[in-house]
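Data block below; observations after.
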Amino acid sequence: MSINQNAGIKTTDLPLSAAVQSTDAMLVNLEVGVGQVPFSVASEFFKNELKPTVQTEAAAQISAQESAEKGSVTITNNQAYPFNAGIATVALGTPRKNLDYITNVEIAAAVGNVQAIEVYDKQLNGFKIRYDGSATSVTIKYYVTGGMQ
(Lines give C-alpha, C1' and ligand atoms only; values in the text may rest on other atoms or scores of the structure.)
Protein backbone atom coordinates (compact mmCIF):
# COMPACT_ATOMS: atom_id res chain seq x y z
CA MET A 1 0.00 0.00 0.00
CA SER A 2 1.38 3.40 -0.92
CA ILE A 3 0.58 6.71 0.71
CA ASN A 4 0.09 9.81 -1.39
CA GLN A 5 2.32 12.46 0.25
CA ASN A 6 0.35 15.25 -1.45
CA ALA A 7 -2.96 14.08 -0.04
CA GLY A 8 -4.30 16.04 2.88
CA ILE A 9 -7.36 17.68 4.28
CA LYS A 10 -8.54 20.63 2.30
CA THR A 11 -10.05 23.50 4.26
CA THR A 12 -13.11 23.28 1.98
CA ASP A 13 -13.63 19.71 3.28
CA LEU A 14 -13.84 20.85 6.91
CA PRO A 15 -17.25 21.70 8.39
CA LEU A 16 -17.96 25.40 8.81
CA SER A 17 -18.29 26.50 12.41
CA ALA A 18 -21.78 27.80 11.63
CA ALA A 19 -22.74 24.29 10.52
CA VAL A 20 -21.63 22.68 13.81
CA GLN A 21 -24.55 21.87 16.08
CA SER A 22 -24.34 21.72 19.87
CA THR A 23 -25.40 18.07 19.69
CA ASP A 24 -22.46 17.19 17.40
CA ALA A 25 -19.54 15.51 19.14
CA MET A 26 -15.78 15.68 19.01
CA LEU A 27 -13.14 13.14 19.95
CA VAL A 28 -11.12 13.97 23.04
CA ASN A 29 -8.61 12.20 25.25
CA LEU A 30 -10.33 11.14 28.46
CA GLU A 31 -8.84 9.56 31.57
CA VAL A 32 -10.12 6.18 30.36
CA GLY A 33 -9.11 6.62 26.70
CA VAL A 34 -10.55 8.42 23.71
CA GLY A 35 -14.23 9.33 23.77
CA GLN A 36 -16.80 11.61 22.28
CA VAL A 37 -17.88 14.81 23.96
CA PRO A 38 -20.73 16.98 22.67
CA PHE A 39 -19.60 20.36 21.31
CA SER A 40 -21.88 22.13 23.79
CA VAL A 41 -20.04 20.52 26.73
CA ALA A 42 -16.62 21.22 25.20
CA SER A 43 -17.61 24.81 24.45
CA GLU A 44 -18.68 25.39 28.05
CA PHE A 45 -15.42 23.88 29.30
CA PHE A 46 -13.37 26.15 27.04
CA LYS A 47 -15.38 29.21 28.04
CA ASN A 48 -15.57 28.57 31.80
CA GLU A 49 -12.38 26.67 32.60
CA LEU A 50 -9.74 27.01 29.91
CA LYS A 51 -10.20 30.61 28.72
CA PRO A 52 -9.75 32.26 32.17
CA THR A 53 -6.62 30.17 32.81
CA VAL A 54 -5.12 31.11 29.45
CA GLN A 55 -6.00 34.78 29.97
CA THR A 56 -4.40 34.81 33.43
CA GLU A 57 -1.22 33.17 32.14
CA ALA A 58 -1.04 35.54 29.15
CA ALA A 59 -1.51 38.57 31.42
CA ALA A 60 1.28 37.34 33.71
CA GLN A 61 3.64 36.86 30.76
CA ILE A 62 2.86 40.32 29.37
CA SER A 63 3.31 41.89 32.80
CA ALA A 64 6.68 40.20 33.26
CA GLN A 65 7.77 41.26 29.78
CA GLU A 66 6.71 44.87 30.15
CA SER A 67 7.71 45.49 33.75
CA ALA A 68 10.83 47.55 34.18
CA GLU A 69 13.47 46.98 36.78
CA LYS A 70 15.12 50.15 37.90
CA GLY A 71 17.88 51.20 40.21
CA SER A 72 20.91 53.40 40.53
CA VAL A 73 24.60 52.93 41.02
CA THR A 74 27.34 55.37 42.06
CA ILE A 75 30.68 54.97 40.33
CA THR A 76 33.86 56.68 41.52
CA ASN A 77 37.12 57.33 39.69
CA ASN A 78 40.37 58.05 41.53
CA GLN A 79 42.59 58.33 38.46
CA ALA A 80 43.61 61.55 36.72
CA TYR A 81 42.09 62.38 33.35
CA PRO A 82 42.28 60.89 30.68
CA PHE A 83 42.41 57.66 32.69
CA ASN A 84 39.27 56.30 34.27
CA ALA A 85 38.69 53.32 36.55
CA GLY A 86 34.97 54.04 36.92
CA ILE A 87 33.28 50.67 36.46
CA ALA A 88 30.34 49.07 38.28
CA THR A 89 28.70 45.66 38.11
CA VAL A 90 24.90 45.71 38.43
CA ALA A 91 23.12 42.59 39.66
CA LEU A 92 19.54 42.31 38.40
CA GLY A 93 16.90 41.60 41.01
CA THR A 94 15.02 39.40 38.52
CA PRO A 95 17.28 37.33 36.27
CA ARG A 96 16.30 37.46 32.59
CA LYS A 97 15.47 34.44 30.46
CA ASN A 98 17.49 35.75 27.51
CA LEU A 99 19.89 38.58 26.65
CA ASP A 100 17.33 40.48 24.56
CA TYR A 101 16.74 43.03 27.28
CA ILE A 102 17.12 46.77 26.93
CA THR A 103 19.03 48.94 29.37
CA ASN A 104 18.42 52.68 29.46
CA VAL A 105 20.68 54.85 31.57
CA GLU A 106 20.72 58.47 32.68
CA ILE A 107 23.02 60.57 34.81
CA ALA A 108 21.41 61.47 38.13
CA ALA A 109 24.42 63.33 39.53
CA ALA A 110 28.05 63.92 38.59
CA VAL A 111 31.08 65.58 40.10
CA GLY A 112 32.92 66.61 36.95
CA ASN A 113 32.49 65.96 33.24
CA VAL A 114 30.90 62.76 31.89
CA GLN A 115 31.47 62.22 28.18
CA ALA A 116 29.72 58.88 27.66
CA ILE A 117 28.14 55.96 29.52
CA GLU A 118 28.52 52.41 28.28
CA VAL A 119 26.51 49.33 29.28
CA TYR A 120 28.41 46.17 28.39
CA ASP A 121 29.02 42.53 29.31
CA LYS A 122 25.30 41.76 29.59
CA GLN A 123 24.46 38.50 31.35
CA LEU A 124 21.14 36.96 32.40
CA ASN A 125 21.65 38.16 35.98
CA GLY A 126 23.34 41.51 35.43
CA PHE A 127 25.59 43.80 33.41
CA LYS A 128 28.44 46.28 33.76
CA ILE A 129 28.40 50.07 33.42
CA ARG A 130 31.33 52.42 32.86
CA TYR A 131 31.74 56.04 31.94
CA ASP A 132 34.30 58.15 30.12
CA GLY A 133 35.28 61.61 31.25
CA SER A 134 37.00 63.43 34.07
CA ALA A 135 34.23 63.05 36.69
CA THR A 136 35.38 61.74 40.05
CA SER A 137 31.91 60.47 40.98
CA VAL A 138 28.81 59.70 38.90
CA THR A 139 25.42 58.40 40.00
CA ILE A 140 23.68 56.60 37.14
CA LYS A 141 20.03 55.55 37.07
CA TYR A 142 19.29 52.44 35.00
CA TYR A 143 16.07 50.92 33.67
CA VAL A 144 15.91 47.35 32.35
CA THR A 145 13.02 46.00 30.25
CA GLY A 146 12.49 42.82 28.26
CA GLY A 147 14.36 39.54 28.20
CA MET A 148 11.59 37.59 29.90
CA GLN A 149 10.26 35.47 27.04
Side-chain angles (χ1 to χ4, degrees), residues 3-20 26-35 37 39-149:
I3 298 175
N4 182 355
Q5 297 295 328
N6 295 325
I9 298 174
K10 297 177 184 172
T11 55
T12 55
D13 294 342
L14 296 173
L16 300 175
S17 61
V20 175
M26 60 188 283
L27 291 176
V28 294
N29 287 329
L30 302 171
E31 291 178 12
V32 293
V34 177
V37 173
F39 274 111
S40 60
V41 173
S43 176
E44 287 299 311
F45 171 77
F46 293 138
K47 185 172 81 177
N48 297 330
E49 303 293 330
L50 193 57
K51 184 178 176 182
T53 302
V54 170
Q55 287 175 331
T56 301
E57 179 63 27
Q61 288 178 4
I62 290 169
S63 177
Q65 177 65 23
E66 293 181 353
S67 66
E69 182 172 329
K70 60 184 176 178
S72 66
V73 61
T74 300
I75 305 172
T76 57
N77 175 32
N78 57 6
Q79 296 184 355
Y81 184 80
F83 303 103
N84 188 329
I87 297 174
T89 300
V90 176
L92 293 172
T94 304
R96 304 296 151 167
K97 294 181 180 178
N98 60 58
L99 296 176
D100 293 332
Y101 61 86
I102 298 169
T103 53
N104 291 312
V105 293
E106 66 180 69
I107 298 171
V111 179
N113 182 30
V114 177
Q115 294 176 344
I117 299 173
E118 180 184 8
V119 174
Y120 67 102
D121 199 18
K122 287 173 40 174
Q123 302 295 318
L124 297 178
N125 62 348
F127 54 91
K128 292 182 180 178
I129 298 177
R130 67 177 158 214
Y131 71 93
D132 290 333
S134 61
T136 56
S137 177
V138 178
T139 300
I140 300 171
K141 290 183 182 179
Y142 61 86
Y143 306 90
V144 179
T145 57
M148 298 305 283
Q149 288 185 331

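- Closest approach of Ala88 and Val73 over heavy atoms only: CB-CG2, 3.6 Å.
- Rounded to the nearest 0.5 angstrom, Thr89 OG1 and Gln123 CD are separated by 10.5 Å.
- Residues passing the side-chain hydrogen bond (donor to acceptor under 3.5 Å, both in side chains) test with Glu69, sequence neighbours excluded: Arg96.
- With rounding to the nearest 0.5 Å, the separation of CG in Leu124 from OG1 in Thr94 is 12.5 Å.
- Once rounded to the nearest 0.5 Å, the distance linking OH of Tyr81 with CG of Asp132 reads 8.5 Å.
- In this structure, Ala85 and Asn77 approach most closely via the heavy-atom pair N-OD1, 2.9 Å.
- From Asp121, atom CG reaches atom CD1 of Ile87 across 10.0 Å, with rounding to the nearest 0.5 Å.
- By the 4.5 Å heavy-atom criterion applied to side chains, Ile102 and Val144 are not counted as neighbours.
- Residues that satisfy the ring-ring contact (aromatic ring centres under 6.0 Å, His included) test with Phe127, not counting sequence neighbours, are Tyr142.
- Between Gln79 and Asn84, the closest heavy-atom pair is OE1-N, 3.6 Å.
- Defined by atom type and a distance below 3.5 Å, a donor-acceptor pair is missing between the side-chain atoms of Thr76 and Ser137.
- Taking both residues in full, the closest heavy atoms of Leu99 and Lys122 are given as O-NZ, 3.3 Å, listed atom of the first, atom of the second, then distance.
- Applying the 6.0 Å contact sphere to OH of Tyr120 captures more than 12 heavy atoms from other residues, nucleotides or ligands.
- Under 3.5 Å, the side chains of Glu106 and Asn104 contain no donor-acceptor pair of N or O atoms.
- Checking Val111, Asn113, Val114, Thr74 one by one against Val138, the side-chain contact (heavy atoms from CB on, under 4.5 Å) holds for a single residue, Val114.
- Minimum interatomic distance between Asp100 and Asn98 (heavy atoms only, all atoms of both residues): N-OD1, 2.9 Å.
- If you take OG on Ser40 and CZ on Phe45, they are separated by 14.0 Å, rounding to the nearest 0.5 Å.
- A heavy-atom distance below 4.5 Å is found between the side chains of Leu92 and Tyr101.
- The shortest distance between side-chain heavy atoms of Ile129 and Val119 falls below 4.5 Å.
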